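Beneath this line is the structure, given in structure tokens, with notes to follow.
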Amino acid sequence: MQSKALPKGSATLTVNGKAIDLPIYGGSTGPDVLDIRKLYAQGAVFTYDPGFMSTASCESQITYIDGDAGVLLYRGYPIDQLAEHSSFIEVCYLLLHGELPSPDQLAHFNHAITHHTMLHAQFDRFFEGFRRDAHPMAIMVGAVGALSAFYHDSLDINDPRQREISSHRLIAKMPTIAARAFKYSSGQHFVTPRNELDFSSNFLRMCFAVTAEDYVINPILARAMDVFFILHADHEQNASTSTVRLAGSSGANPFACISSGIACLWGPSHGGANEAALKMLSDIGNVDNIPDFIAKVKDKDSEVRLMGFGHRVYKNYDPRAKVMQKLCHQVLAEVGGTQDPLLKVAIELEKIALNDEYFLARKLYPNIDFYSGITLRAMGFPTSMFTVLFALARTVGWIAQWTEMLEDSSQKIGRPRQIYTGKTERAYMPLSART
Ligand code: CMC
């Protein structure tokens, strides 16, 4: 990747009486950055920033977020425009290549993805090693990592063509693996992919067709699935993407790197939040219980959080949540779920939280996960599959970021430092001298 960061002067930091000049760079939009790469060499100090609250870990040209203005752009295109006009496959091409494809490029890319959806027959036996009640995310972490044991011909990360083949394999095989994880946990036979179907219709069929009866594609649900995938395709340097970059910085193979991203995504503060949000709505049960629940959320000692609310970056609204809210109502209308008691709890909870001083003062608004759980449930997915669907969609973002990192000559192996507050050096004490 050719750096496009522009020099914009410098800042002077005085450390222990020594003045150190730190260059400032500007991007194409967003805050400037202070380049501290030589700070330790010149001033013998580290910076301290747990959770990366003020730290840019890389230069990127893929996704831009303005958390205060509620903006999310993929390669410059607003998320709401992509959700309305684009398809997930087109968004995959955009994220990987930087531009929207021509009709020929799209057809070629679609053909490549479609023709990589099958798994090696031996791979199917791999699933049988899991307990039948295994969480599908546990299967995903293992199965995606295991792809590196099946596709030795595309593991050379220094060969651009091998990187491309691995990328296609990952995007194409994730739906097949995800659907198999679902089928395995429900005790049903695996359903093989069909090349005449589009990406999302094929995925829904692999999840919901049974041997006794084929699945009739509902175009509204297939489009809803596609838009869900578009909304989750990338999100800048979030925890799982940073995990993929960090794993990749050591030169690990792409399947291992994406598997590490899946593991990170699983946590309830990240991709697991949609599952947690739906569980929370079920626990609340009905609207009469909301005031008690809100009181618990505000109680500092309870550690109860309003799942699906708040975001590290979006402090006014989550632009994905707006699209997801609309999608949620379309899906519920289609499947006759507008009377879903959980939807009533969600609507009432949203109303109360958006008018409550506690949430307003902390800029806590519904995030995408608040609506996606209800939508996915209405589409027939169990809660355990929600994070799997997120991982399926995010795979393309992880790959685009991983590739960008490998092509960036300024990237090094990720190696954060620390402030050490443990014991200083002391002599070993023999066991006989310890009480
Ligand atoms: N419910 C109640 N209080 C909250 C919540 C919440 N969901 N989120 C933050 N707060 C409070 C928190 O207690 C703190 O209050 P105080 O200042 O009095 O101590 C204040 O708001 C700031 O919280 P924080 O934890 O410092 O904020 P953060 O930016 O580190 O956390 C977050 C962001 C997403 C982890 C957090 O808002 C959260 O746990 N939300 C619920 C989980 C969730 O929905 N996650 C999905 C994120 S969107 C999907 C994705 O992009 O991965």
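Values below: all heavy atoms of this structure, side chains included; hydrogens, waters and symmetry mates excluded. Counting starts at 1 for both ligands and their atoms, following the listed order. Computed from a prediction, not measured in an experiment: that's the story for all the values here.
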Show me which atoms of ligand 1 lie under 4.0 Å from any heavy atom of [X].
{"X": "R312", "answer": "28 (P), 29 (O), 30 (O), 33 (C)"}
{"X": "L364", "answer": "3 (N), 4 (C), 5 (C), 8 (N), 9 (C), 10 (N)"}
{"X": "Y358", "answer": "3 (N), 13 (O)"}
{"X": "A273", "answer": "43 (C), 44 (O), 45 (N), 46 (C)"}
{"X": "G308", "answer": "43 (C), 44 (O)"}

Donor-acceptor contact present, side-chain [X] to main-chain [Y], <3.5 Å:
{"X": "Q325", "Y": "Y371", "result": "no"}
{"X": "D66", "Y": "V71", "result": "no"}
{"X": "Q162", "Y": "L155", "result": "yes"}

Note to self: Taking D80 first and then R320, would you say they form a salt bridge - that is, a charged N and a carboxylate O separated by under 4.0 Å?
What the structure shows: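 Looking at D80 and R320, the cut-off is not met.
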* To do: Going by heavy-atom distance to atom 24 (P) of ligand 1, choose the closest among R394, R362, R320, R305.
  =>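 Nearest option to atom 24 (P) of ligand 1, by heavy atoms: R305.
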Heavy-atom nearest neighbour of atom 51 (O) of ligand 1 within options H270, H311, K315: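 That would be H311.
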Sub-4.0 Å heavy-atom contact, [X] with ligand 1:
{"X": "K300", "answer": "yes"}
{"X": "E236", "answer": "no"}
{"X": "F370", "answer": "no"}
{"X": "N238", "answer": "no"}

Validation row, ring centre [X] to ring centre [Y] under 6.0 Å:
{"X": "Y40", "Y": "F46", "value": "yes"}
{"X": "H120", "Y": "F123", "value": "no"}
{"X": "H311", "Y": "Y317", "value": "no"}
{"X": "F381", "Y": "F208", "value": "yes"}
{"X": "F127", "Y": "F190", "value": "yes"}

Ligand 1 N/O within reach of [X] N/O, cut-off under 3.5 Å:
{"X": "D369", "result": "no"}
{"X": "I368", "result": "no"}
{"X": "M307", "result": "no"}
{"X": "V297", "result": "no"}

For [atom], grab the closest protein heavy atom and report residue, atom and distance to one decimal in Å.
{"atom": "atom 47 (C) of ligand 1", "answer": "N367 ND2, 3.7 Å"}
{"atom": "atom 7 (N) of ligand 1", "answer": "L306 O, 2.8 Å"}
{"atom": "atom 41 (C) of ligand 1", "answer": "F309 O, 3.4 Å"}

* Any protein heavy atom under 4.0 Å from atom 27 (O) of ligand 1? ->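 Given the 4.0 Å cut-off, atom 27 (O) of ligand 1 does not count as touching protein heavy atoms.
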- Item | Any protein heavy atom nearer than 4.0 Å to atom 22 (C) of ligand 1 |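 Given the 4.0 Å cut-off, atom 22 (C) of ligand 1 does not count as touching protein heavy atoms.
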| Out of T12, L34, D35, V33, which one pairs with L22 under the side-chain contact (heavy atoms from CB on, under 4.5 Å) rule? |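 So the option named by the test is L34.
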| message | For S240 and N238, which I'm curious about, is there any donor-acceptor pair between the side chains at under 3.5 Å? | response |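 Yes, N238 and S240 have a side-chain donor paired with an acceptor closer than 3.5 Å.
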query = For the residue pair H270 and F390, does the interplanar ring angle fall in the parallel (under 30°), tilted (30 to 60°) or perpendicular (over 60°) class?
reply =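 Judged by the thresholds at 30° and 60°, the geometry between H270 and F390 is perpendicular.
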